Amino acid sequence: MSFDFTEEQIKRYSRHIILPEVGGVGQKKLLNAKVLVIGAGGLGSPSLYYLAAAGVGTIGIVDFDVVDFSNLQRQILHNTSRVGVPKVESAKMTIEALNPDVKVIAYNEKIQKNNVLDIIKDYDIVLDGSDNFPTRFLINDACYFLGKPLVSAAILRFEGQLTVFDYRDKKNSPCYRCLFPEPPPPGMVPSCQEAGLLGVVGGIMGTLQANEALKLILEIGEPLVGKLLVFDALYTEFRTVRLRKDKKCNLCGEEQKIKELIEYEQACEIHF
Amino acid sequence: MEIDRELDLKGEVCPFTFVKSKLMIEQMKTGEVLRVILDYRPSVDNVPKSFQMEGQEVLAVNQIEDNLWEVLVRKVR
């Protein structure tokens with residue numbers, strides 16, 4: 001076996017290589033890995049930045065928005081001079097400046113029924129950092145059909161949630177629909193005025209998402225499968241709730257009723 | 001003793017002395033012996049210590065000249 005690291009790579013990844021759980025073998029796994037991050041916003045910013053710093057060799061980024069001043073309170077991949085620039089372009093610039101080892105593939109488009117499978121199919125792991133339910137259900141169902149591990153995080157106000165659905169092991173892993181069978185009715189979703197967010201919550205949860213992705217690539221530790229981690233920023237508390245597979249789940253249960261992708265209506269068209 | 005690979009790390013300092021030694025040993029077969037040449041004094045302590053922590057067998061640490069040392073390590077795992 002030959003690693004063929006350059007001098008620069010040996011220096012760049014030295015703190016990884018020193019770790020018994022990573023080493024040159026693990027660093028090669030990272031450089032050969034392909035990770036897709038959906039949403040280059042509050043969650044995607046830290047997860048993308050850490051994945052790139054870690055040397056994940058191929059990173060796909062999906063987002064159809066442009067950078068807005070209202071994003072800069074938390075979306076640390078972007079900056080003031082990038083306002084008006086597509087988020088995927090801004091993210092690509094920041095990542096490439098950090099680590100030239102990373103090949104960034106930018107998808108400046110909205111995740112929809114007709115493109116989701118095609119975008120996801122070539123990646124090893126998918127990170128959901130999207131900001132709306134129709135997209136979350138599409139990503140979940142697509143990952144389930146394709147058998148891809150999905151690292152799912154969500155943030156609102158002072159709270160964050162994180163879990164991993166490992167669809168390489170459909171028999172044992174619960175799915176997103178075991179947790180949320182259907183999108184909530186429009187009245188249940190926080191209105192735009194209510195949907196405030198302490199920026200750092202995205203930083204914490206997105207970083208934890210990157211951690212789960214790196215563990216999956218390196219095959220170390222225990223992935224957060226079958227557990228939902230809930231973070232409360234006001235009291236600095238983490239709680240872990242067990243997630244059980246729902247036998248009656250329409251997607252992964254005993255009787256699979258959902259056999260194709262479903263495109264739900266978005267209640268509020270304002271995106272974050 | 002038969003030496004399978006040799007790594008001349010003169011001019012290198014911590015932690016890169018260990019990083020480079022470890023990368024080399026990862027690419028070797030179990031049972032093979034690596035000889036590392038060091039001229040940075042702290043590495044003469046740190047490289048063997050780090051190898052031991054990783055479960056490799058440190059066979060010898062010898063001073064071979066003024067300011068020049070060799071570390072012999074057998075790959076166990």
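Naming: A, B, ... by sequence-line order, numbering from 1 per chain. Quantities reported herein were computed from a predicted structural model and do not represent experimental measurements. Quick note: numbers below take in every heavy atom, side chains included, and nothing from hydrogens, waters or symmetry partners.
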Is atom CD of B:Q63 surrounded by more than 12 heavy atoms (other residues, nucleotides or ligands) closer than 6.0 Å? yes
Which bit of A:E21 is near chain B, if near means a heavy-atom gap under 4.5 Å: side chain, backbone, both or neither? neither
Chain A-proximal positions within residues 1-18 of chain B [heavy-atom distance under 4.5 Å]: B:E12, B:P15, B:F16, B:F18
Select all residues of residues 44-58 of chain A having any heavy atom within less than 4.5 Å of some heavy atom of chain B, and report them by number, or 'none'. none
Answer yes when A:K29 and A:E219 have at least one side-chain N-carboxylate O distance shorter than 4.0 Å, and no when they do not. yes
Result block: side-chain N/O donor-acceptor pairs under 3.5 angstrom for residues 229-240 of chain A, not counting sequence neighbours:
unit_1	atom_1	unit_2	atom_2	d
A:D232	OD1	A:L234	N	2.9
A:D232	OD1	A:Y235	N	3.3

Give a yes or no on whether a salt bridge exists between B:R74 and B:E32, defined as a side-chain N under 4.0 angstrom from a carboxylate O. no
So, does A:T94 use its side chain to make a donor-acceptor pair with the main chain of A:S90 at under 3.5 Å? yes
Pick one of side chain, backbone, both or neither for A:F5, based on which atoms fall under 4.5 Å of a heavy atom in chain B. side chain
Is any NZ, NE, NH1 or NH2 atom of the basic residue among B:D45 and B:R41 found under 4.0 Å from an Asp or Glu carboxylate oxygen of the other? yes
Scan the side chains in residues 201-210 of chain A for donor-acceptor partners under 3.5 Å anywhere in the protein, sequence neighbours excluded, and list what turns up.
unit_1	atom_1	unit_2	atom_2	d
A:T207	OG1	A:G203	O	2.5
A:Q209	NE2	A:D128	O	2.9
A:Q209	NE2	A:V151	O	3.0

Does B:E26 reach the main-chain N or O of B:L23 with its side chain, forming a donor-acceptor pair under 3.5 Å? no
I'd like to know if the side chain of A:K170 reaches the main chain of A:Y144, judged simply by a donor and an acceptor atom lying under 3.5 Å from each other, with no hydrogens or angles considered. yes
Is the backbone N or O of A:L243 less than 3.5 Å from a side-chain atom of A:K227, with the two atoms forming a donor-acceptor pair by type? no
How far apart are the C-alpha atoms of A:E212 and A:K215, what are their side-chain angles, what is the distance that settles it, and do they pass the salt bridge (charged side-chain N to carboxylate O under 4.0 Å, His left out) test? CA-CA 5 Å; A:E212 290 304 314; A:K215 280 162 54 190; 3.0 Å; yes
Contact class of B:K20 relative to chain A, heavy atoms under 4.5 angstrom: side chain
